[in-house]
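Naming: A, B, ... by sequence-line order, numbering from 1 per chain. Just so we're clear, the structure is a prediction, and the values are computed from it rather than from any experiment.
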Amino acid sequence: MAKHYIPNSAHKEEMLKEIGFSSIEELFADVPKGFIKELNLPEGKSEYEVFLEMNEILERNKTVLEMPSFLGAGTYFHYIPAHVKYLIERSEFLTSYTPYQAEISQGMLQALFEYQSLIAELVGLPVVNASMYDWGSAMAEAALMTVRLHRGKRKKFVVPKHTHPERMQVLKTYGKGPGVEIVTVNWNERGQIDLEDLKEKVKDAAGVYIEMPNFFGLLEEEIQAVGEIAHDAGAYFVVGVDPTLLGIVEAPGELGADIVVGEASYFGNPMNFGGPRAGIFAVRNDPKLIRQMPGRLIGMTKDAEGKRAFVMTLQTREQHIRRAKATSNICSNEALVAVAAAIHIATLGPRGIRELGEVILKNTTYLKKRLKEVAELPFDGVNFKDVLVRFEKPYKEIHEHLLSKNIHGGYYVKPHFPELGEAALFAATETTRKEWVDALIEALREVV
Amino acid sequence: MAKHYIPNSAHKEEMLKEIGFSSIEELFADVPKGFIKELNLPEGKSEYEVFLEMNEILERNKTVLEMPSFLGAGTYFHYIPAHVKYLIERSEFLTSYTPYQAEISQGMLQALFEYQSLIAELVGLPVVNASMYDWGSAMAEAALMTVRLHRGKRKKFVVPKHTHPERMQVLKTYGKGPGVEIVTVNWNERGQIDLEDLKEKVKDAAGVYIEMPNFFGLLEEEIQAVGEIAHDAGAYFVVGVDPTLLGIVEAPGELGADIVVGEASYFGNPMNFGGPRAGIFAVRNDPKLIRQMPGRLIGMTKDAEGKRAFVMTLQTREQHIRRAKATSNICSNEALVAVAAAIHIATLGPRGIRELGEVILKNTTYLKKRLKEVAELPFDGVNFKDVLVRFEKPYKEIHEHLLSKNIHGGYYVKPHFPELGEAALFAATETTRKEWVDALIEALREVV
Amino acid sequence: WDEPLIFELSHPGRVGYTLPKPIEDVEVEIPEKLKRKSPLNLPEVSEPEVVKHYTRLSEMNYGVDSGIYPLGSCTMKYNPKINEELANHPKVSFIHPYQDERTVQGALKIIWELEQWLKEITGMDRFTLQPAAGANGEFTGVMIIKAYHLDRGETQRTEMLVPDSAHGTNPASAAMAGFKVIEIPSNESGTVDLEALENAVSERTAGLMLTNPNTLGIFEDEILEIAKIVHKAGGLLYYDGANLNAVLGKIRPGDMGFDIVHLNLHKTFSTPHGGGGPGAGPVGVKDFLKDYLPVPLVSYDEEKDMYYLDYNVPKSIGKVKELFGNFAVLVRALTYLKIMGRDGLKEVSEVAVLNANYLTQKLKGTRGYELPHKELRKHEVVFSAEPMRKETGVKALDVAKRLLDFGMHAPTIYFPLIVHEALMIEPTETATKEELDAYVEALKKISEEAYTNPEIVKSAPHNTAVRRVDDVLAAKKPIITWRMYRELKEKGEVDY
Amino acid sequence: WDEPLIFELSHPGRVGYTLPKPIEDVEVEIPEKLKRKSPLNLPEVSEPEVVKHYTRLSEMNYGVDSGIYPLGSCTMKYNPKINEELANHPKVSFIHPYQDERTVQGALKIIWELEQWLKEITGMDRFTLQPAAGANGEFTGVMIIKAYHLDRGETQRTEMLVPDSAHGTNPASAAMAGFKVIEIPSNESGTVDLEALENAVSERTAGLMLTNPNTLGIFEDEILEIAKIVHKAGGLLYYDGANLNAVLGKIRPGDMGFDIVHLNLHKTFSTPHGGGGPGAGPVGVKDFLKDYLPVPLVSYDEEKDMYYLDYNVPKSIGKVKELFGNFAVLVRALTYLKIMGRDGLKEVSEVAVLNANYLTQKLKGTRGYELPHKELRKHEVVFSAEPMRKETGVKALDVAKRLLDFGMHAPTIYFPLIVHEALMIEPTETATKEELDAYVEALKKISEEAYTNPEIVKSAPHNTAVRRVDDVLAAKKPIITWRMYRELKEKGEVDY
């Protein structure tokens with residue numbers, strides 16, 4: 001029987017005949033003998049059966065709605081207003097390809113232009129691409145870009161030791177291509193970058209990177225100083241940023257960043273077990289930088305009648321034109337994730353962005369205050385989302401106890417930073433409820 | 001602060017000023033004193049909080065995906081292919097009004113014309129309206145229509161005693177308006193309509209009604225004979241039908257029905273705790289019948305340039321034109337439910353409709369076979385979806401045992417038909433799984 | 001563009017569905033005389049074709065998300081998407097209405113909570129959420145009135161009073177319940193003529209059905225007088241909630257003397273209208289009428305913290321619809337209420353009224369449009385294009401069609417019947433100032449056209465998927481289904 | 001129509017959001033030098049406006065659900081809606097990647113099951129589902145090749161061979177991994193020139209990146225020879241899965257001698273492309289390479305019936321993306337696979353190839369379009385409009401733009417580079433015969449126009465939301481953001 005997704009299943013005979021073939025096999029006549037075989041796979045099932053099957057599989061997940069969770073560490077439970085998903089699920093957006101034919105893709109092009117524009121306002125840099133895979137790959141591409149900008153004469157990329165481990169790993173892999181030398185800078189007793197150590201290591205660096213907030217959830221106070229040190233050494237200054245912070249904290253572009261990377265999917269997109277996401281990539285309006293940036297750019301222009309229109313632009317940097325000499329191999333990006341982010345940011349507006357930052361900051365502060373009652377805080381400072389706490393007992397024990405109380409504790413940090421002891425990151429966002437925190441503290445009291 | 005659904009919240013001062021008012025109060029100056037007050041309601045909440053709150057409330061429902069259920073009795077768990085919901089959630093359909101302005105509503109008009117057309121093919125009558133509220137209200141309106149067709153000279157409406165109780169109750173309420181006399185006909189030892197009893201009661205009837213399948217889940221074998229008896233007595237013949245049956249059973253229009261009613265929402269719509277639904281209403285192509293039918297009709301016509309177009313038609317029957325003399329008061333109907341049904345029927349096509357009927361029939365037969373092992377079947381015959389079984393123990397006990405095994409048993413029939421003893425209706429559809437039935441029988445064995 | 005009928009896309013052999021196999025592949029014999037022998041002339045299409053077809057059809061339709069939709073008395077406000085998300089929750093879709101109450105506490109709680117909101121909003125004491133739509137609610141209401149009088153032995157109360165400005169459903173519902181409908185004329189302010197009302201009431205009066213503000217958008221400021229007259233005559237006062245948006249969260253029908261209220265969740269409470277439905281038409285009553293409500297109600301047992309279906313309604317009129325109403329619509333409305341809250345609901349009516357008056361004042365004085373009755377409106381306004389018709393031949397219908405060319409939805413036209421060439425405009429609170437300004441501009445432009453180049457208006461619309469649709473032909477040669485079309489086509493009787 | 005930028009819809013004071021209140025309303029002091037002082041120039045709009053704006057933008061976009069979309073090498077097939085439903089399931093949306101494995105067994109099982117399907121489909125032994133897209137997969141693959149050679153001490157293997165017909169991502173990915181790219185020419189049949197390959201391989205050869213069928217839609221019938229040459233020289237064979245749709249369920253890269261494979265779930269496996277992403281680019285390898293895969297993998301402990309994140313990958317290249325890949329995309333692909341099954345997947349490739357050959361044969365011989373290379377194609381075909389350009393001046397670009405006027409999406413143009421004025425057409429298995437016929441008709445009509453009225457083609461499109469877009473201006477005067485636009489506008493340097 002014909003397949004429900006394949007209309008011409010029903011017309012094979014007729015079509016073959018029309019073009020003078022006698023069988024499907026004939027269409028595969030050029031395939032060497034023995035290659036064609038029956039695969040060892042299950043037969044197709046009805047949509048209903050697969051729906052049931054997938055539902056049963058998914059039943060084995062426990063969501064943060066079913067179990068208060070204090071996990072953060074780079075992935076956060078933000079609430080996404082329902083209209084965002086509703087809009088990006090419209091098939092004209094959802095099922096379209098990269099907008100190669102501008103005239104029938106103005107909707108997606110404009111939406112991506114708006115994404116670029118909204119991010120530009122947040123990060124304070126005027127040139128933003130239409131998305132990278134995620135913060136980690138954007139950061140790695142930024143590192144490669146700083147090396148390219150130095151024409152390979154400088155290969156050193158300086159990063160804080162307390163850069164997010166996930167991103168650090170991506171950077172290391174990407175760095176192997178052009179042979180980037182990754183140099184780490186220590187943190188000081190306040191969990192902030194050690195400026196003295198930085199000064200020692202910055203020599204001949206192609207770029208210097210820092211995150212806001214840092215892996216410990218702290219606002220790095222000396223961002224501007226770091227930028228100055230980088231620039232003084234002739235290095236580019238790359239800032240990685242959680243954009244939900246930018247209603248209350250100064251735009252990295254204003255703090256001296258040449259390149260800003262970050263995670264756009266915190267807006268508009270659910271956690272989805274970590275993907276898809278969308279990496280922010282922004283640079284100063286400097287032809288030298290623009291020429292070296294990776295990824296797709298949407299530009300505003302005119303049509304043949306002088307009407308405003310949008311189109312993919314500066315494509316000569318990209319792989320489909322420049323091939324081996326492209327600035328990056330990126331082709332498919334995370335367009336729809338970016339559009340979702342744009343819709344969410346537009347919905348929030350200036351007031352909402354500020355308020356969001358404030359609510360997160362206040363909730364984090366409440367969480368921190370309560371955590372102090374039961375655990376040690378290795379570092380003090382202003383925390384945004386994540387709070388680093390240290391326990392005396394093995395964290396595993398604490399974790400198990402919390403789980404038994406239907407609470408998911410924080411992210412265990414020891415595997416990455418054993419020097420911090422039995423430390424974990426507990427996070428809050430605007431979605432965190434007082435009763436969750438109170439239940440957490442009560443449960444912690446029972447076990448610490 | 002302005003409300004997020006109310007753009008001009010932000011412009012009240014400015015707009016008032018522009019039109020020469022000084023305050024909102026002034027706009028309510030014509031309201032007698034003391035009427036305006038503050039209501040005792042909770043303050044508005046954020047979307048996130050309401051999302052959480054509603055999720056918590058909904059957690060207290062247990063779905064048929066979480067607990068195999070054998071409930072039917074007029075509401076059935078059918079699987080709806082995902083594209084149906086996807087399409088009717090498109091805002092152009094979802095957020096439109098009744099298509100009064102045909103020129104910008106061709107999409108909804110054509111979709112409803114297609115609904116009417118698809119139902120016409122199923123039920124075998126060429127005139128179908130764009131939906132009633134549900135089967136029950138459609139049946140009640142059909143009763144009123146037969147009375148109107150007799151210009152009030154006949155007020156008797158004859159129905160089987162084993163008409164669905166839910167529909168019977170609606171009929172009784174509707175019947176009170178024009179004073180319809182509802183006369184019931186007994187069932188015979190096979191659970192089918194008693195033709196002798198019918199013959200006795202049909203005299204002076206405005207209409208005779210029968211259901212396929214009947215409340216016991218049985219196919220009424222003498223449909224045609226019932227129609228003949230009705231017609232011989234000068235009564236109109238009204239058939240209520242579950243349209244998922246019509247791939248394998250003859251169209252009621254071909255069996256002599258003058259009016260066909262039924263439930264369209266079995267196609268394309270989930271159970272939703274029983275609503276919304278959509279009532280089928282179809283009649284013969286007879287001006288006398290069409291003139292008296294209730295509800296909205298979409299017709300095909302031309303536009304000013306001779307192009308095919310669709311429009312609401314024969315509106316002079318309706319309340320907004322005819323007011324007190326309208327054929328019904330119905331205004332809002334169940335358009336989107338009907339469109340969902342149409343999309344589902346179109347997806348199934350002739351082959352799918354037949355196959356659906358066959359799978360349901362076979363699954364019902366399997367359920368029946370297994371039920372026979374543990375309980376008595378008061379009536380024999382061909383069952384479609386529902387199977388009436390009788391237990392020796394109080395059904396309540398059986399129900400509790402099943403629930404304790406995470407199985408939801410059938411619909412308890414005794415409250416409506418005490419003469420049947422501890423009887424219940426257990427139902428199967430295409431969604432019923434073998435393992436569910438087997439678990440049911442095992443659990444029943446433990447308790448009967 | 002043109003999109004063929006789904007039947008015309010059919011190709012033999014194509015398949016759009018998948019079904020699970022039967023549990024057991026036995027042959028079940030259907031009695032010969034019941035077997036389907038007539039053909040099933042349904043389309044054979046694949047899933048991608050179904051999706052493309054209905055996607056294209058949707059693109060030929062105008063909704064609230066497409067632009068301003070100021071249909072008077074329809075309250076076409078924005079439909080929040082969170083409503084849809086929650087209404088499509090599996091915990092809503094996959095529950096059966098006959099489930100054991102212990103397994104549907106969430107559903108019952110939703111019904112119960114919604115009732116509490118509606119009670120406070122209307123000042124009523126008990127609600128049924130069973131009615132499927134406004135008219136179904138009206139029918140419920142008038143049946144309650146009927147049952148009440150019969151119960152008291154007042155069998156002579158057979159007349160229902162209805163103002164001449166009322167919605168068509170009011171008289172139709174009253175007639176369906178078996179009442180004789182008596183029309184009450186409006187006075188020159190556009191409100192109920194008290195003298196006429198006094199003359200109309202008698203011991204035959206069952207009740208008066210009223211909207212307030214009425215369909216002209218005018219507040220019935222003598223409502224207390226009206227209530228007194230009706231009640232004194234032994235009748236009940238019925239509130240048609242179609243226009244509740246004007247007073248939402250500020251003024252309660254229960255405080256104005258109404259005994260029964262129906263609401264339209266698809267108007268005032270932001271559930272989408274879906275091209276004509278599903279809606280929901282809850283009915284609320286004062287305490288003395290609650291024993292007449294349809295069964296079942298949903299009650300709450302505080303002790304057990306359990307919600308239950310309450311069949312203890314001794315004088316119930318029975319059921320007006322199967323089961324418990326349009327449940328998925330109720331989920332949407334409750335979501336909206338919780339988000340809006342006391343403050344938000346009040347903002348709704350205030351801005352809805354502001355928008356209507358803003359538009360009224362901006363359009364007033366434009367040549368061809370007359371503003372009859374009082375100037376101060378509530379949620380909507382009715383202009384008359386009678387001067388335009390007289391002076392240029394351009395009718396309200398033409399104005400409406402011409403508006404479509406501007407990418408805007410037309411107002412309600414030719415209603416209420418007491419205004420000639422009526423243009424009934426209800427912007428709602430979710431329209432923007434820019435949209436209102438653009439609407440006024442468009443109506444002014446059309447006025448200009450009517451007086452300079454009336455043909456362009458009379459032959460409108462010009463920029464739509466189809467040109468003006470011939471509804472006379474549709475009625476003269478009814479083609480209601482593909483089956484009828486095929487027959488006529490074969491006979492050569494249609495060329496479209 | 002024209003839709004302003006969201007910034008242009010802004011009105012001070014309008015609000016589109018609601019946020020929960022903070023748990024405790026304390027003031028938290030942000031260090032002065034970090035406080036935001038620069039303005040936040042974001043739009044102020046209400047939710048209804050946001051919804052209308054993006055609804056309108058969507059209506060200005062063409063997707064698979066709008067009509068045929070035969071972009072060569074992109075496999076724009078129908079995206080089943082059940083995929084979306086399951087990918088949007090709360091049990092997908094609301095799980096955190098760092099959750100305890102015991103609480104995300106469903107997610108891990110999905111990843112594991114998908115891997116099993118992909119292994120059998122490709123004939124590979126282990127997969128990573130981490131890569132976010134095809135190019136990310138390619139990068140993963142070539143990094144594995146690099147790691148493999150380095151691990152064996154073969155540091156001299158610095159050259160990656162790539163045919164001249166390859167996708168641009170192949171050389172770009174190889175270069176990113178630090179390889180020198182050596183281009184291998186095609187022979188006149190459009191396949192790899194064996195002699196040239198023989199000459200190119202050496203002890204410096206790290207591997208060969210190949211698609212099969214290639215971008216001309218031609219099956220590399222000497223693939224076994226090719227594999228032998230590369231392997232003999234000590235190189236590895238890499239399969240670019242962009243064209244897997246042609247052989248899906250019938251022929252496996254693993255059986256043809258490939259050592260590494262990347263797939264595009266957003267092409268072959270029906271996940272939507274979303275206007276450019278998200279996709280997913282899983283990479284599969286033969287046994288001897290599995291220790292090089294990115295971490296973590298997902299493994300299954302049969303005894304405990306537990307899925308777990310497996311970091312035991314001794315020579316792992318590390319991570320190529322954060323976390324576990326584009327999980328929600330994986331959910332879609334697994335859903336598709338389960339529905340299609342063995343039988344369905346085979347039907348996909350057979351009908352995809354039938355459709356491409358049907359179109360080839362129907363279009364062949366039309367004036368102006370030349371069919372270079374072999375006639376028998378797989379999933380796609382590349383015509384050359386070179387004769388048309390020479391004879392009429394109408395270029396492939398013009399043909400593409402003119403197709404838009406017929407309501408159809410253009411093919412890929414100017415690729416592969418080895419065909420002049422290339423028109424690369426891939427209908428996929430989900431196109432209907434009528435769509436193919438209409439496409440051929442349109443291309444024939446355009447040919448006719450080119451030879452009779454070339455201006456209409458050269459100035460196309462005529463019926464689209466905007467006319468031909470000036471991409472030269474876009475590059476000359478880059479305006480990438482509203483911020484840049486505002487600046488130029490203030491200086492009077494733009495009039496659009």
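Note: D:Gly249 leads D:Pro478, D:Gly249, D:Gly318 in heavy-atom pairs under 4.5 Å with chain A. When A:Lys176, A:Glu318, A:His320 are compared by the number of non-hydrogen pairs under 4.5 Å with chain D, A:Lys176 comes out ahead. Interface check for chain D: of the options A:Arg167, A:Glu114, A:Glu38, A:Met108, the most heavy-atom pairs under 4.5 Å are formed by A:Glu114. The most heavy-atom pairs under 4.5 Å with chain D, out of A:Gly299, A:Gly352, A:Ala309, come from A:Gly352. The most heavy-atom pairs under 4.5 Å with chain A, out of D:Gly276, D:Gly341, D:Ala172, come from D:Gly276. Per-residue counts of heavy-atom pairs under 4.5 Å with chain D were compared for A:Val128, A:Leu348, A:Thr431; the largest is that of A:Leu348. Taking D:Tyr69, D:Phe94, D:Trp482 one by one and counting their heavy-atom pairs under 4.5 Å with chain A, the maximum is reached by D:Phe94. Comparing A:Val359, A:Val339, A:Thr75 by heavy-atom pairs within less than 4.5 Å of chain D, the highest count is held by A:Thr75.
The CD1 atom of A:Ile321 sits 11.0 Å away from the CG atom of A:Leu314 when rounded to the nearest 0.5 Å.
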(message) Let's go through A:His408 and A:His399 carefully: what are the C-alpha distance in whole Å and the side-chain angles of both, what is the deciding distance for ring-ring contact (aromatic ring centres under 6.0 Å, His included) to 0.1 Å, and is it a yes or a no?
(response) CA-CA 7 Å; A:His408 200 298; A:His399 172 69; 5.3 Å; yes
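Using a 3.5 Å distance cut-off with no hydrogens or angles, the side chains of A:Thr365 and D:Glu24 do not pair a donor with an acceptor. Side-chain contact annotation: A:His83 with A:Thr347, donor-acceptor N/O pair under 3.5 Å present.
Between A:Tyr5 and D:Tyr78, the ring planes lie tilted relative to each other; the angle falls in the 30° to 60° range.
A side-chain contact (heavy atoms from CB on, under 4.5 Å) with A:Val249 is found for exactly one of A:Leu361, A:Val382, A:Leu219, namely A:Leu219.
Interface residue D:Ala475: backbone and side-chain heavy atoms are both found under 4.5 Å from chain A.
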